[in-house]
Amino acid sequence: LASARARELYQAKGYPKDWIEKRMRAIAIRGALTDEWKARGVAEGREYSILTAEIARATFGVTPGDHKKLKGLAQAKTANLRDHMTDLELIFSMLGEAATTEIARTRDTQGFPQNQQAAHSGGKVAGNARRELEQKSGRKVVTKENYLALTQAARKAERVR
């Protein structure tokens, strides 16, 4: 039910179905990661935030706060960064979190310090893949492009035609 409501909300905001499917998958991957952290003795709240920032920093080379500023979301404290990510940003975010989950499981990490190491390692997997793509494509993955703004601008342009 929550998943159906989220889909409806994203559609109402103007997101295309392919982006919505990526976002829903990202939510599922995040849920698996937080379930893993909980089972491994990581405290919800501050520790989850620190681990999330560790993954993001290793994946994107910037903290979530700096990523929000880059996208022009710094003033909107309640804005969810992931709702404004491009396809590639979402994909690399998913890779970092899925890799972290896999590393935590295979290393049987326990407690915050071990999970922080796993978070860094998982983010590094995604960060290495991101850098390789950037090198081969000649384009940066982390940009100021705000996916929702781009989508809405494209829809307005279509209506004008």
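When reading the values below, keep in mind they use all heavy atoms of this one structure, side chains included, and skip hydrogens, waters and symmetry mates. Here the structure is a predicted model, which is why all the values come from computation and not from measurement.
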**Student:** With a 4.0 Å cut-off, would you call R5 and E8 a salt bridge?
**Tutor:** no
**Student:** Does any non-hydrogen side-chain atom of T109 lie less than 4.5 Å from one of Q117?
**Tutor:** no
**Student:** Considering only NZ, NE, NH1 and NH2 on the basic side and carboxylate oxygens on the acidic side, decide whether R7 and E21 come within less than 4.0 Å.
**Tutor:** yes
**Student:** Can a side-chain donor-acceptor contact be found between R30 and S93 if the only test is distance below 3.5 angstrom?
**Tutor:** no
**Student:** If we only count heavy atoms from C-beta on, is the R40 to D108 side-chain gap below 4.5 Å?
**Tutor:** yes
**Student:** Are I55 and L33 close enough that some pair of their side-chain heavy atoms sits under 4.5 Å apart?
**Tutor:** yes
**Student:** Just by distance, no angles: are the side chains of Y15 and R23 close enough, under 3.5 Å, to form a donor-acceptor pair?
**Tutor:** no
**Student:** Tell me whether V125 is reachable from L51 by hopping between hydrophobic residues (I, L, V, M, F, W, Y) whose side-chain heavy atoms are closer than 4.5 Å.
**Tutor:** no
**Student:** How far does OG1 of T100 sit from CD of E54, to the nearest 0.5 angstrom?
**Tutor:** 9.0 Å
**Student:** Backbone N or O of Q110 within a donor-acceptor pair of the Q114 side chain at under 3.5 Å?
**Tutor:** yes
**Student:** Please tell me if the side chains of K38 and Y48 come closer than 4.5 Å, counting only heavy atoms from C-beta onward.
**Tutor:** yes
**Student:** Looking at CG of L81 and NZ of K71, how far apart are the two atoms once the value is rounded to the nearest 0.5 Å?
**Tutor:** 7.0 Å
**Student:** Mind checking whether M24 and L95 sit in one hydrophobic cluster, side chains of I, L, V, M, F, W, Y counted as touching below 4.5 Å?
**Tutor:** yes
**Student:** Between the side chain of W37 and the main-chain N/O of E44, is any donor-acceptor distance below 3.5 Å?
**Tutor:** no
